[in-house]
Every structure is written in C-alpha cells, then in structure tokens.
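Whatever order the structure lists ligands and atoms in, that order sets their numbers, starting from 1.
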Amino acid sequence: MIFKPLKYEKYADKICRKLTEFQDGFKKEYDIDNYANWFYNQSSETLRLYSDDKEVYFKYIPVGTFSQKTNTWMWAWANKDSVEPRKFRTLKVKEFGEKKKYDNLTNAHFDGDKYTGWELTSIAFDIIGGIGTYRVISEHLEKYFLLTEQITKEEAEKIESELIECSIHGKIRKAFICQHLNTESKTGFEEAFETYRGMELDEDDDFQAWCSECEKERLKTDGWNDYSMEFAQIKLVCERCYFGIKELNSK
Ligand SMILES: [Zn+2]
Ligand SMILES: [Zn+2]
C-alpha cells in the first residue's frame, strides 16, 4: 500500500512552501529580521518594528494566536478579547474550510504544535492576501499577522490620534453614548445602525447609542434636534465599554 497523506495535509504543505518562498522576498525587501523591537496596537491594527536607528510601520490583519502553554490555536474571528476591526476577514478562511471540509480552518480552537501557527497563517495569507506575514511572541502567546501594507509614521500617528484613552481598556477606538447609558443598569440601547464587536466602520461612521428615554425624545421631533441633544448629553466612551453596555442591555 502506498502511503497517502490526508487531503488537508497535502494542501497545507503546498501552501506553506508557497509562503516560505514569498516570505523570503518580503524579508529581504523590508529587512524584516533586522529590527530589535516590535509594538502593535489592536485598535489601529498597526505594527511597528524598530531599532535605535530605524523603524517601519505596517497595517495588519490578525490571523490568530497559539498558546505555548496549552498548545492550542485560536482563530482571530473567535477571539472575544481582541478588538481588531479586521479580525473578521479571517472568516473567509473559515468559509473556504467549510467548502473543503478542513476542520482546522473551521473550528474556533484546537490542539496543535509548533508548526500550527505558521501553517494556518500561510493558508490565511493565500486566501486573504497581503504583502507578508509576521509573528510576535509574548508571555508564551504567539500572535500571527498578515501585513497588508506599509504605512508611514504620519499615517500610523493619524490612526492613533483618532483613538481615545480609556482608563479601563487602554488606547482604543471611540464610541458615543447618551448620558443615561451606564455599566450598572439597563436603560434600553438604541443604535444609529446595527453593530457588533470589532466591526469595521466607514470613515464617516461612529458607534453611537442612546437609551429608551432619549429615543422617546428623539422620536417626538422625528430625529435629533437641539432639545433632544440637550436631553441626551452625548459623551465619549471606548469601544469596549460601549459593547459592555450593549451586552448588559441585551441580557
Ligand atoms: Zn439617554
Ligand atoms: Zn473602556
């Protein structure tokens, strides 16, 4: 009998080779291995690589994480702690996996080994695309990125300047709520449009929500006016606080 690798293994092997080849060129072009430090920001999805004398910035899509402690992989789309807006792009990999019946591409998390992270990142890169890939390790957690484009320091700073500093959640995207919404009691939760955690927003859109009482005022005048705005006293919160309040109200 001839040994035949499983269909998935064969596929994964081919894709890994393809990425390795591609990645060699990418590393050379950006001198990727010669930066001493890294820093990434989930909300702006920017990765900065830097040394004393040089730095480079990229926009990224998170692929997933591999825990060296539990030896398990988790896809970015399944990671409730991550606030990266583009993490749901990895659902494209899941869709592909559903068609092909590849469990590793459809299960949220599963056991793996030291090759798992790169294998799945190669597949994500093949399906979603990008200019290269990168991995960082901190506290036994490997985090994998698809780098989609290089950006300038000014562009990275502009993205960051649009974030707010939440005392609980750190530097993160902003959201707007009426003065009555809070983390302790249910007040009703009306939104400008349907939202979900980590969703991508168009440039002109913001997360905006208000309570049932504000909605009553708003409907009286068929939309926001000076009076209902005065009643609402819209204030700024962070994205995670916003979704915390939304969840509280949907319980
Ligand atoms: Zn209100
Ligand atoms: Zn917050």
Side-chain angles (χ1 to χ4, degrees), residues 38-48 57 59-62 64-65 67 74-90 108 136 138-139 141 143 145 155-251:
W38 51 263
F39 178 80
Y40 68 89
N41 181 307
Q42 286 197 21
S43 274
S44 55
E45 297 178 311
T46 50
L47 172 72
R48 176 184 178 226
Y57 290 85
K59 279 286 284 177
Y60 75 80
I61 293 173
T65 46
S67 163
M74 186 196 286
W75 283 104
W77 58 261
N79 190 337
K80 291 201 172 61
D81 291 329
S82 115
V83 295
E84 283 123 333
R86 299 198 293 177
K87 66 179 175 182
F88 294 109
R89 298 259 178 118
T90 55
V136 302
S138 70
E139 291 167 17
L141 197 70
K143 184 175 169 78
F145 304 100
E155 285 166 325
E157 280 170 353
K158 185 178 177 289
I159 300 169
E160 296 226 356
S161 71
E162 286 158 7
L163 307 175
I164 71 159
E165 185 84 48
C166 170
S167 56
I168 306 163
H169 300 112
K171 212 165 185 189
I172 196 166
R173 282 195 299 182
K174 60 191 174 195
F176 296 91
I177 60 171
C178 79
Q179 61 169 333
H180 314 104
L181 287 179
N182 64 83
T183 52
E184 263 108 56
S185 59
K186 284 190 185 187
T187 55
F189 197 89
E190 304 285 336
E191 281 184 300
F193 50 89
E194 190 54 41
T195 65
Y196 54 87
R197 255 177 210 278
M199 80 184 278
E200 270 185 273
L201 294 174
D202 287 340
E203 211 160 295
D204 307 329
D205 282 337
D206 284 306
F207 294 115
Q208 296 170 40
W210 50 93
C211 73
S212 307
E213 290 303 312
C214 280
E215 179 66 356
K216 274 183 209 157
E217 292 302 320
R218 196 181 73 92
L219 291 175
K220 271 184 201 166
T221 49
D222 213 19
W224 293 108
N225 66 5
D226 286 352
Y227 178 76
S228 51
M229 285 299 279
E230 179 63 29
F231 184 79
Q233 299 271 344
I234 299 293
K235 61 181 182 183
L236 204 56
V237 291
C238 95
E239 174 177 9
R240 287 180 78 163
C241 286
Y242 182 95
F243 282 98
I245 297 168
K246 183 174 182 175
E247 261 160 42
L248 170 76
N249 277 285
S250 64
K251 270 178 200 159

- Message: Working to 10°, measure the angle at the Zn ion (ligand 1) formed by atom SG of Cys214 and atom SG of Cys178.
- Response: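 With the Zn ion (ligand 1) as the vertex, SG (Cys214) and SG (Cys178) sit 110° apart.
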- Query: So which N/O/S atom does His180 have closest to the Zn ion (ligand 1)?
  - Reply: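 Nearest to the Zn ion (ligand 1) within His180's N, O and S set: ND1.
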- What one should report as the nearest heavy-atom pair of Phe231 and Gln179 is O-NE2, 2.8 Å
- Message: Can you classify the ring geometry of Tyr242 versus Phe207 as parallel (below 30°), tilted (30 to 60°) or perpendicular (above 60°)?
- Response: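 Tyr242 vs Phe207 ring planes: tilted.
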- Greater than 12 external heavy atoms within 6.0 Å of Glu139's CD: no
- Item | N/O/S atom name from His169 that is nearest to the position of the Zn ion (ligand 2) | ND1
- Task: Using the Zn ion (ligand 2) as the apex, give the angle to atoms SG (Cys241) and SG (Cys166), rounded to 10 degrees.
- Result: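 Taking the Zn ion (ligand 2) as the apex, I get 110° for this pair.
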- Message: For Glu45 and Gln42, which I'm curious about, is there any donor-acceptor pair between the side chains at under 3.5 Å?
- Response: no
